[in-house]
Amino acid sequence: MQLDEEIEDKFELNISITNPEKVGDGMNAYMAYKVSTQTTLPMFRSKTFTVRRRFSDFLGLYEKLSDKHTLNGYIVPPPPEKSIMGMTKVKVGKEDNSSAEFVERRRAALERYLQRVVFHPSLLQDPDVRECVCVCALSGAGFLKMINRATDSLSKMTIKMNESDVWFEEKLQEVEAEDQQLRKLHIMVDSLVGHRKELSVNTGGFAKSVAMLGSSEDNTALSRALSQLAEVEDKMEQLHQEQAASDSFCFAELLADYIRLLGSVRASFDQRMKTWQRWQDAQNMLQKKRETEAKLLWANKPDKLQQAKDDITEWEAKVTQYERDFDRVSATVRKEVLRFEKEKARDFKKQIIKYLESLLQSQQQLIKYWEAFLPEAKAIA
Amino acid sequence: MMQEGLDDGPDFLSEEDRGPRAVNVDLQTDATLQVDISDALSERDKVKFTVHTKSTLPNFKQNEFSVVRQHEEFIWLHDSFVENEEYAGYIIPPAPPRPDFDASREKLQKLGEGEGSMTKEEFTKMKQELEAEYLAIFKKTVAMHEVFLCRVAAHPVLRKDMNFHVFLEYNQDLSVRGKNKREKMEDFFKNVVKSADGVLVAGVKDVDDFFEHEKTFLLEYHNRVKDASSKSDRMIRSHKSAADDINRIASTLYTLGTQDSTDVCKFFLKVSELFEKTRKIEARVAADEDLKLADLLKYYLRESQAAKDLLYRRGRALVDYENANKALDKARAKNKDVLQAETSQQVCCQKFEKISESAKQELIDFKTRRVAAFRKNLVELAELELKHAKGNLQLLQSCVGVLKGDT
């Protein structure tokens, strides 16, 4: 039985990130988040525990995990993006809607990131992960090198593989096609968020305008109906605002996460290509060593012959090792991709259903508001 | 031939097609004179309206007849009413706005240019949408021209106007080529003088309480309707943009869904289908808000201006009357040209009293019409909003049910 199934069936593991708090002042200030874990996994000493972590701690965790596991073909979940503008607003102490939204978005993204890491059966075994959730703070250094590691080794690879296994080639193409579509979708959802926010503002403006019109109107019943209309539109302003938040948090963030994750998937494919290359290079080197030996035999130089024979033994071992590495990494990548696809399917379904339910609730509210208004309109005489 | 039928949704047409497509109600549609626009043709840069009349009045040669008219001819008719001193005491039905397809045409052109950069499905979809938009604007302009004619036909005095009958019956071109430059300049100065005068006249407190109240009311009301009209336009535009976004999202989800036949892909296809349907409803909501709210406000913006114009004319007549009184007193004091001054004063008095009498009735009728129109449109708006929200809700509920059941 797979390790993750074991976890899901036998043990509980709940992780949440809450209570963002500003620590310090001015440009050195940062946000600290509470990481709360509740679990029955035997690898942890307690059942419940909390720690405080900052954003750079999570980046540091990613760095460590990536260094250790990417070369083995694992898909290491990427952390949320660094945002200089977002953080500066928070540091400077701008207490407005957009900085509150930024902090909330970051908190939710960090939570999803950490959940993905701990629910990865292999990564959970890594001591750095455990340290992140239950011991004193990790070192904050290393966050300076924060470039998206996954994109470092992207498809700029000029390695041409003699792909014996067509599965990998097809999968990579699928991943690339999906990445393209998700990016497109993300742009459109962002556009929708923008327009809904605009709609909210404009509805508010209209509501005020109708209220003014109602107070000018000298027919009493019409005046009353117009002020009721103004109230409905006011409530609609609120509704559109909430809807825009849902568009953003449920939908846009999901897409952003997966665009980053697909980057990590590509990185694991690249890693497999690297190990293949290393194996090929070793084979070439072995060939060269054999040629050297042959030349030496022909040239009859017995003193250098032993060295040549040693070299051949060395490289034969390497070839075997690297071939085994390649096979191992290939198997890991394959397993990882299948796991990723399962998780992605589950994630998308869950989140999109949640999003649709929020749309549903909006409509229910809408119906309530207009049903209350209709008799007022009919009462105009 | 008017292009009937959007891709679906007979509702869009049904309300508008029955009888006068009017924002107004209580137009006495009595058998003696019924006017409507039975057909319309959109050509490159003009719209040709077929004005259809049914009448039992003896003035006309036949009982039923049609002519073709263009926008300029409507304006000519409107202006002839405004310039006619006899009608100074009436609210002149506001002229319909010029048909404006520029924006829509520009979009269609841009679409044609960008054809290469999108998939066939995307192109067809966008083309359908723009064509629907064009059709909607077309219907609106027809409705607005029709309302103008119906208002005239319903007015006890204006319906008898000679120019109106010529407009309805004369089956040749009225040759009312757009005003030439000089006439336009004269118009411009007339308006400037009027607004300066308007301030002057508005400053004089009216002895009559009714008119004093109406003056104050109309000035404020007109400004507020103007504001509400522009804010409603802005709101509806955002709504349309959001619906467009949902459309694009549906397309992209569809592409994602067709890449494979895994569970996730099937999921995407279902969600794409849902968004396709909900965005049609959203677009319909925006269109209905446009018709029932934005158009209503725009119309009353124009009518309240026409009512203000009536008050201005009365104000002018009052000033003239008062000046004539002063001149008469002066003449009597000097005992010079007294008869002339007396005649002049009488004329002014009669003019003022005639205007005041009909103006009072007109303003009362205006109120009645306004209240009835708002009632009709607000009720219809609420009913449509409810209908669409319920439709949306049902779609969402059934889709969520299916999706949850699948997992």
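So you know, we letter chains A, B, ... as the sequences are listed, proteins then strands, and number each from 1.
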Let me know if B/L395 has heavy atoms under 4.5 Å from chain A in its side chain, its backbone, both or neither. neither
Are the side chain of B/R234 and the backbone of A/N202 linked by a donor-acceptor contact shorter than 3.5 Å? no
Region of B/V225 that comes under 4.5 Å of a non-hydrogen atom in chain A: both
State whether the number of non-hydrogen atoms from other residues, nucleotides or ligands found under 6.0 Å of A/E104 atom CD is greater than 12. yes
Pairwise distance CD1(B/I246) to CE(A/M188) - rounded to 0.5 angstrom: 13.0 Å
Which portion of B/Y221 sits near chain A, non-hydrogen atoms under 4.5 angstrom: both
When the 4.5 angstrom heavy-atom criterion is applied to A/L229 and chain B, the contacting part is side chain
Measure the shortest side-chain to side-chain distance between A/D218 and B/K367 over non-hydrogen atoms and say whether it is less than 4.5 angstrom. yes
Determine whether more than 12 heavy atoms belonging to other residues, nucleotides or ligands lie under 6.0 Å from atom CD of B/E273. no
Closest heavy-atom pair and its distance - B/S232, A/F206: CB-CE1, 3.3 Å
Could you check B/M235 against A/H240 for side-chain contact (heavy atoms from CB on, under 4.5 Å), going step by step and ending with a plain yes or no? CA-CA 12 Å; B/M235 175 180 81; A/H240 290 308; over 6 Å; no
Rounded to the nearest 0.5 Å, what separation is found between the NZ atom of A/K368 and the CG atom of B/L386? 13.5 Å
Would you call B/R375 and A/L222 a side-chain contact if the rule is heavy atoms closer than 4.5 Å? no
Do B/F374 and A/L226 make a side-chain contact, defined as non-hydrogen atoms from C-beta onward lying under 4.5 Å apart? yes
Proximal component of B/I236, with respect to chain A [non-hydrogen, under 4.5 Å]: neither
Tell me whether A/R224 at atom CZ has more than 12 heavy atoms from other residues, nucleotides or ligands lying less than 6.0 Å away. no
Which bit of B/V371 is near chain A, if near means a heavy-atom gap under 4.5 Å: side chain, backbone, both or neither? both
Looking at A/E341, A/E376, A/M212, A/E198, which one has more heavy-atom pairs under 4.5 Å with chain B than the rest? A/M212
Can you tell me how far apart CG (B/D244) and OG (A/S191) are? Round to the nearest 0.5 Å. 9.0 Å
A/L192 versus B/A242, closest heavy-atom pair with distance: CD1-O, 3.6 Å
Heavy atoms only, distances under 4.5 angstrom: which of A/A221, A/A377, A/S216 has the most pairs with chain B? Name it, please. A/S216
Interatomic distance, B/E289 atom CD to A/T203 atom OG1 [nearest 0.5 angstrom]: 8.0 Å
Should we say atom CD of A/E101 is surrounded by more than 12 heavy atoms from elsewhere, each under 6.0 Å from it? yes
Under 4.0 Å between a side-chain nitrogen and a carboxylate oxygen: does that hold for A/E233 and B/K231? no
Tightest non-hydrogen contact, residues B/R224 and A/S215, listed as NH1-OG, 3.0 Å
Test: A/E217 and B/R370 ion pair at under 4.0 Å: yes
Could you state the interatomic distance from OG (B/S241) to CZ (A/R196), rounded to the nearest 0.5 Å? 12.0 Å
Between B/Q259 and chain A, with a heavy-atom cut-off of 4.5 Å, which part of the residue counts as in contact: side chain, backbone, both or neither? side chain
Quick check on the interface: out of B/L381, B/D263, B/L378, B/T278, who has the most heavy-atom pairs with chain A under 4.5 Å? B/L378
Checking B/D260 against chain A: side chain, backbone, both or neither under 4.5 Å from a heavy atom? side chain
Would A/L213 and B/L297 satisfy side-chain contact (heavy atoms from CB on, under 4.5 Å), going step by step from the backbone distance to the final call? CA-CA 10 Å; A/L213 185 64; B/L297 292 168; 3.9 Å; yes
Go through it in stages, so that I can follow the logic: the residues are A/Q363 and B/Q397, the test is side-chain contact (heavy atoms from CB on, under 4.5 Å), and I'd like the CA-CA distance, side-chain angles, deciding distance and then a yes or no. CA-CA 10 Å; A/Q363 295 301 311; B/Q397 274 170 338; over 6 Å; no
Nearest heavy-atom contact between A/L374 and B/V379 is CD1-O, 3.8 Å
side-chain contact (heavy atoms from CB on, under 4.5 Å), that's the test. Do B/H239 and A/H195 meet it? Break it down for me. CA-CA 8 Å; B/H239 210 144; A/H195 284 134; over 6 Å; no
Within a 6.0 Å radius of atom NZ on A/K354, are there more than 12 heavy atoms belonging to other residues, nucleotides or ligands? no
Can you establish whether the number of heavy atoms outside B/K107 located under 6.0 Å from its atom NZ is more than 12? no
Heavy atoms of other groups near B/K226 NZ, more than 12 under 6.0 Å: no
Would you say that more than 12 heavy atoms from the other residues, nucleotides or ligands in this model lie under 6.0 Å from the CZ of B/F123, or not? yes
If you look at every heavy atom in A/F373 and B/A382, which pair is closest and at what distance? CD2-CB, 3.9 Å
Nearest 0.5 angstrom please: B/L393 CG to A/Q361 CD, how far? 10.5 Å
Electrostatic pair A/K208-B/D227, nearest N-O below 4.0 angstrom: no
Specify whether B/F275 and A/F251 have parallel, tilted or perpendicular ring planes, treating 30° as the upper limit for parallel and 60° as the lower limit for perpendicular. tilted
